[in-house]
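I have placed the structure first, in the form of structure tokens, so that the comments after it can refer back to it.
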Amino acid sequence: MARHYSTRSFFRQVPNALLARYFTGRGLFGDLDFAAMKETKPDALFDGWLTLPEEQRKPMDAEFQDIFELSCEKGFRAIIDEARWQMQADPEAVTAFIETLSALPDHYHRAMVTYLDHGECWKGATRFYHADTLPYWRKRKNMGHKPAAVDDASLHQLADQIRNYFHRTEGRGNNCVVEPFRRGELDYFFAYPEDYSQQSIEWVDGEFDRRPHNPAFEVIFVYSQKEGTLDLNFRGPRKAVEPLQGMFATTILKLDELPPDPRDERVYDLDLLSKRGFDFTYDVGSGIEDVVVRKLRLSSRVNRGERITLEADTSRNPDAVYDLLDKLGKSLPMHLYNVSQVEIAASVVTDSDKPAKTVAIRLTYPNSCSLKYDEVGIKLREMLEASGVEPKEPTEVEEATEAGDA
């Protein structure tokens, strides 16, 4: 379930003592008695907040939204990951940091304390959290095992190549900056090329106007020296993917050129999921409460491009999609169809104080999976693997499945 930010709600969630420290540090609300203000009743603070000039509120509101984003389990894990790197020379300090934050009542406390007292961990944690929320990563293997170069010259070289590429091919990218971070055994590189100029409709000090600005777009590289793999996240034309991977190979890994990418020949055997009563396997303590198949796409093995999609409401009948499949089987020769896409709904508890949330998983032949690599995504991937639903080397039968279903 998506979390929604509002300033008033944020003030309710964060302890008054921490809010007092934040505003005292900015010389604001010195006459407000935070100690006398009832917890979760920040009306006096919010009234004072509304009297501040908009230009003064905006940067603070942006900071509050960052703190809000990290006020969750995933955010706390990102904070710990960055703390391990920042305090790598002092393992006892890492342990003390984790124990201190873990003892706090909730994630709002942990995020706010980190922001106020451990600024060195903040930027990296926000970057990791953001990366964890992004879907559609493109993985490339065979990148070798050289250490990633993070010196200024190499970072400038990568930034220049990204800037020149997008300026030459798309007319944007006049400027670019690259920021490196280390997370466990992974090297993260966040690149921010300049996007096209835009005009946004805004209210500024009570005036309605259009204001030009130069936003940045994002390119994220995650390199595993141990695995020899490079994950890329870029929302743009697919044709840019390989050039971006090549830039990383030559500037950061110091390779002469981008190594060839061996094709991933593994395929999902999705026909397993067309059988009523298929048992998904997961541990009792995993937080996974229920898993059902709610959509099947069938592709003809005879007529290329011929597809049938079955989708049902499984909220009352978990076998609803199989009931539809049985009806279809009375009029069509089902042995002439393979399952080329499955949509699964998994109920997962991510917060013991809240109801389970539903996570949709889409598996598409040959080996595409919509899950992210965040905590929930990894847990559900483990469930798929334990259930025998994982990509395998193709058989002759599977090779006959329509290749263009991805």
Side-chain angles (χ1 to χ4, degrees), residues 13-15 17-26 62-134 145-156 158 177-192 220-231 248 252-254 350-351 373-379:
Q13 299 290 344
V14 178
L18 295 179
L19 290 171
R21 287 184 55 196
Y22 177 90
F23 286 112
T24 299
R26 286 154 182 76
E63 292 174 346
F64 294 156
Q65 291 186 48
D66 283 344
I67 297 167
F68 169 79
E69 291 290 342
L70 265 64
S71 299
C72 60
E73 184 173 339
K74 187 189 300 182
F76 186 39
R77 291 186 181 278
I79 289 171
I80 292 175
D81 286 345
E82 179 61 3
R84 291 188 195 281
W85 168 250
Q86 293 292 339
M87 304 176 192
Q88 58 181 313
D90 189 352
E92 292 184 359
V94 177
T95 302
F97 174 84
I98 296 173
E99 289 180 350
T100 299
L101 264 62
S102 297
L104 296 174
D106 58 41
H107 291 308
Y108 283 94
H109 285 69
R110 297 176 187 113
M112 194 64 168
V113 167
T114 303
Y115 178 83
L116 292 171
D117 298 333
H118 302 279
E120 74 280 5
C121 300
W122 189 251
K123 187 174 182 180
T126 58
R127 296 290 190 273
F128 294 153
Y129 174 83
H130 172 64
D132 287 345
T133 65
L134 298 175
H145 300 279
K146 286 189 173 183
V150 294
D151 57 280
D152 288 344
S154 298
L155 298 178
H156 283 305
L158 177 59
V177 64
V178 175
E179 298 176 341
F181 294 91
R182 180 77 176 177
R183 188 181 196 183
E185 295 182 335
L186 302 176
D187 288 290
Y188 282 65
F189 294 79
F190 294 80
Y192 300 100
I220 305 176
F221 304 90
V222 181
Y223 171 62
S224 171
Q225 181 184 358
K226 179 181 178 181
E227 302 294 336
T229 59
L230 177 66
D231 284 282
F248 187 90
I252 302 300
L253 301 183
K254 308 303 179 186
T350 57
D351 187 331
Y373 280 95
D374 58 9
E375 183 185 2
V376 174
I378 291 172
K379 187 180 298 183

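Hydrogens, waters and symmetry mates play no part in the numbers below; they use all other heavy atoms, side chains included.
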Hey, does [Y] have a side-chain heavy atom less than 4.5 Å from the side chain of [X]?
| X | Y | answer |
| --- | --- | --- |
| T126 | H130 | no |
| Q13 | I67 | no |
| Y129 | D66 | no |
| M87 | C121 | yes |
| V376 | K379 | no |
| Q86 | H118 | no |
| V222 | R183 | no |
| L70 | I79 | yes |

Can you tell me how far the [atom1] atom of [X] sits from the [atom2] atom of [Y], to the nearest 0.5 Å?
| X | Y | atom1 | atom2 | answer |
| --- | --- | --- | --- | --- |
| E179 | I220 | CD | CD1 | 11.0 Å |
| L116 | L18 | CG | CG | 6.0 Å |
| T114 | F97 | OG1 | CZ | 4.5 Å |
| Y223 | D231 | OH | CG | 12.5 Å |
| I252 | D187 | CD1 | CG | 9.5 Å |
| R21 | Y115 | CZ | OH | 11.5 Å |

Notebook entry, point to check: Just wondering, more than 12 heavy atoms not from R84 lying within 6.0 Å of its CZ?
Noted result: no
Please report the shortest heavy-atom distance between [X] and [Y], naming the atom on each side.
| X | Y | result |
| --- | --- | --- |
| E63 | R26 | OE1-NH2, 3.3 Å |
| F189 | A148 | CZ-CB, 3.9 Å |
| V14 | M112 | CG1-CG, 3.9 Å |
| E185 | K226 | OE1-CD, 3.3 Å |

Kindly say whether [Y] contributes a backbone atom to a donor-acceptor pair with the side chain of [X] at under 3.5 angstrom?
| X | Y | value |
| --- | --- | --- |
| R77 | E73 | no |
| S154 | V150 | no |
| E99 | A96 | no |
| R182 | G184 | yes |

Notebook entry, point to check: Given the rule in the side chain to side chain donor-acceptor pair (under 3.5 Å) test, do H107 and R110 qualify, once you have shown the distances and angles that lead to the verdict?
Noted result: CA-CA 5 Å; H107 291 308; R110 297 176 187 113; 3.0 Å; yes
Check: So F190 and F128, would you call those rings parallel, tilted or perpendicular, with 30° and 60° as cut-offs?
Finding: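 Because their plane-to-plane angle lies in the 30° to 60° range, the rings of F190 and F128 count as tilted.
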query: Under 30°, 30 to 60°, or over 60°: which ring-plane class applies to F23 and F64, parallel, tilted or perpendicular?
result: perpendicular
request  = Let me see the working for K74 and T133 under side-chain contact (heavy atoms from CB on, under 4.5 Å), right down to the final yes or no.
outcome  = CA-CA 9 Å; K74 187 189 300 182; T133 65; 4.1 Å; yes
Practice task
Among F181, Y188, F248, find the one that has a ring pair (Phe, Tyr, Trp, His ring centres under 6.0 Å) with F221.
Solution key: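 Only match with F221 under ring pair (Phe, Tyr, Trp, His ring centres under 6.0 Å): F248.
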